Amino acid sequence: VRDWIRPLIESVDSAPLRRELIRAAMPWSTTNMDGGYVSDLYQGRQVRVLTLNKDNGVRVECFPNVWMCKRCRRIPKEGEARCRCGYQAAQPFGQLPFVGYHDRCGALREPWIPRCEQHDDVRIQLPGTASAAEIMFLCPTCNKVLRKGFGFPKCFCGQEGSLSYNVHRASSVFTSHSVVVVNPPLTESVRRLSEAGGGARALDWVLSGMQARSFEDTATSEDALRAQLSSQGLSPAVVDRMVQAAVDAGELGSRDPVFELQAGIRDEAEAEAVTIAMALTKSRIRIAAMRDAAIQSQQNDLVSLYERAYPEAMRRTGVEAVELVEKFPVLTGAFGYTRGRSAPGASRLVPYRDYQGNMAVYASLGETESLLVKLSPTRVARWLEAQGKRLPRWDDDTSARRAILSAAVIPAPGEEPEASSVGERLLTLVHTFAHRLIRRAAVFAGVDRESLSELLVPAHLGFFVYAAARGDFVLGGLQAVFETELDRLLADFIDGDHRCALDPGCRRSGGACAVCVHLGEPSCRYYNRFLDRSALFGNHGFLTAMASTT
């Protein structure tokens, strides 16, 4: 694909998109392999979100433009319509699938093929493997060996290293990198949240346990009012006087110590709270609502399911709540690619840019279905303390939620956090929980696990599992599981086999691998890091502790 022909420019809330782009690209920035991409984002350079114009489509080109005879493996000269061997098929030539790439600049080149100086001819001898180094180029007339492999030519960019060769479909040749943002187009919901106090108002709502239907149904706090007034352009002095007047009049409660958070923790907590608020703007179905509907329609079997089986299953797995989001507004966008080693930061990140040099995100915007899973705050607090972590005093779900938030600095993708910090342990627990649930839920929904993706909100002890646009997922699969099989899913989650076929090697190497826990990169936002089965099932695992207290 050379380019998208006159793509559509989408208007989205740029703040959360920019934040997620920074998070996703940070592993390359820390190794100075992002070409200044993160720096440009911090400096406010424009990011354009482009979606496919289906009336115009895309412009493609034939690449690599190197061919070989399907019968004798000769490589023809440019312009030759027939092979010298006389092969008479309608399409005598097939495409040679090997390309050269440079991991330092992202260049992609067609291989240069030497020809016999005497006979001006060459054929390729494939070894039967995918190794480009074992390919032989010979003269079909004198059988002279012209070259083994593709050589080690330098790239035109002048940077260190030579071109590497592989088949064009290999991940080392091209690996796309993307972001996922709960980010509806700039609509009434975004405006309402901004006017209501933005992240501070959303944070108040989430920390209260989300008992109200939405953030709009909660009382305004001091911080939310301050953010609301500041967003209207009032000076800090005027804002202070108006907030104090509201406090003196008894319109606001006293300031809660939980909001005396470190700047980094508060920013992350507010951003995740906004994600939750935006995700639940259009739809939010709770188990209590399904129970009430079942009582009204006199479906006694469902009443028993929702009143007994579901709560017991959630209690066993340490889950506070599971909710269905029928209209989950999600933006999935590719922001760049790498060639070479797949580990984040190991090779150069090549960000997409438009013809004006602006950063471009090639995206798909839509609504899908999702499950919001929230872990029990008191269970998580007990687990963290059993891990030797110190938390502020807590005695119920609300205080536990706030104690954990004040102590946890959540690592960013690619970051090397302090070993076994509260934030690292919390992220590992939530992330491993999400991966295991996705792998189990895919079976119950009857789809490939790559059809499901995660979006973590670890600061608030939760995550979303949503149906991705790619793959064979049929909308309604998660809804069916939520309405009738959630208890079975959670029972399988805790009682199903938690061993790995590669144990004990996997367990000794971190307790997570492609066989037991990993997901494909499009489904995992943390590059399959911060995963460990022992966080769930080890001697001091979260689910092991749950079983011991049952």
Side-chain angles (χ1 to χ4, degrees), residues 8 10-17 20 49 51-52 178-196 198-199 201-202 205-206 210-218 271-293 321-333 363-374 434 437-438 441-442 444-445 447 451-457 460 462-486 489 522-523 525:
L8 305 177
E10 298 290 343
S11 177
V12 300
D13 188 3
S14 63
L17 174 60
E20 288 303 315
V49 177
T51 57
L52 182 64
S178 59
V179 292
V180 174
V181 185
V182 175
N183 194 339
L186 291 174
T187 58
E188 184 68 16
S189 58
V190 178
R191 184 190 64 80
R192 291 202 312 268
L193 177 59
S194 178
E195 293 180 351
R201 183 70 172 271
W205 175 59
V206 172
M210 298 167 54
Q211 299 302 314
R213 172 64 184 80
S214 74
F215 63 89
E216 295 176 294
D217 299 326
T218 59
E272 289 189 9
V274 168
T275 293
I276 297 172
M278 289 294 96
L280 303 182
T281 296
K282 291 189 175 182
S283 65
R284 182 188 182 192
I285 299 178
R286 289 177 277 187
I287 295 173
M290 294 196 302
R291 179 203 60 203
D292 294 342
V322 180
E323 301 180 7
L324 174 68
V325 185
E326 292 181 298
K327 296 181 179 180
F328 185 68
V330 62
L331 177 153
T332 303
S364 171
L365 287 133
E367 292 181 344
T368 184
E369 61 179 347
S370 171
L371 294 178
L372 170 60
V373 180
K374 297 189 296 178
L437 187 68
I438 285 176
F444 279 80
V447 299
S451 297
L452 298 175
S453 292
E454 69 177 7
L455 183 62
L456 306 183
V457 282
H460 299 303
F463 58 89
F464 292 90
V465 174
Y466 68 94
R470 65 188 181 279
D472 59 352
F473 192 88
V474 178
L475 289 180
L478 289 179
Q479 180 178 356
V481 172
F482 178 72
E483 291 180 347
T484 60
E485 294 188 286
L486 182 61
L489 169 61
S523 297
R525 314 318 308 168

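Positions are given from 1, in the same order as the sequence printed here. All figures in this text were calculated on a predicted structure; none of them were measured in a lab.
Nearest heavy-atom pair across Val325 and Ala279 is CG1-O, 3.2 Å. The nearest pair of heavy atoms linking Thr51 to Glu10 is OG1-OE2, 2.9 Å. Shown here for Trp205 and Ala277, the closest heavy-atom pair between the two residues is CZ3-CA, 3.7 Å. Residue Thr368 comes nearest to Ala467 through the heavy atom pair OG1-O, 2.9 Å, listed as atom of the first residue, atom of the second, then distance.
In this structure, OH on Tyr466 lies 13.5 Å from CG on Leu371, to the nearest 0.5 angstrom. Between atom CG of residue Leu280 and atom CD1 of residue Ile285 there is a gap of 11.0 Å, rounded to the nearest 0.5 Å. Here the CE-CZ distance, from Met290 to Phe482, works out to 3.5 Å after rounding to the nearest 0.5 Å. In this structure, the separation between CE on Met210 and NE2 on His460 is 9.5 Å, given to the nearest 0.5 Å. In this structure, CD on Glu326 lies 11.5 Å from CG on Leu478, to the nearest 0.5 angstrom. In this structure, CZ in Phe328 is found 10.0 Å from OG in Ser283, a value given to the nearest 0.5 Å.
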Report task. Let me see the working for Leu437 and Leu489 under side chain to side chain contact (heavy atoms under 4.5 Å, CB included), right down to the final yes or no. Result -> CA-CA 8 Å; Leu437 187 68; Leu489 169 61; 4.0 Å; yes
Requested in this report: For Leu455 and Glu20, run side chain to side chain contact (heavy atoms under 4.5 Å, CB included): C-alpha distance rounded to whole Å, both residues' side-chain angles, the deciding distance at 0.1 Å, then the answer.
Outcome: CA-CA 11 Å; Leu455 183 62; Glu20 288 303 315; 5.7 Å; no
Query raised in the report: Is there a side chain to side chain contact (heavy atoms under 4.5 Å, CB included) between Ile287 and Leu486 once you walk through the steps?
Result: CA-CA 10 Å; Ile287 295 173; Leu486 182 61; 4.0 Å; yes
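In this structure, Glu454 has no salt bridge (Lys or Arg N to Asp or Glu O under 4.0 Å) partners at least two apart in sequence or on a different chain.
In this structure, the side chain of Arg284 does not engage the main chain of Glu323 through any donor-acceptor pair within 3.5 Å. Glu369 contributes no side-chain N or O that, together with a main-chain N or O of Leu324, makes up a donor-acceptor pair within less than 3.5 Å. Without hydrogens or angle criteria, Ser523 side chain to Leu452 main chain gives a donor-acceptor distance under 3.5 Å.
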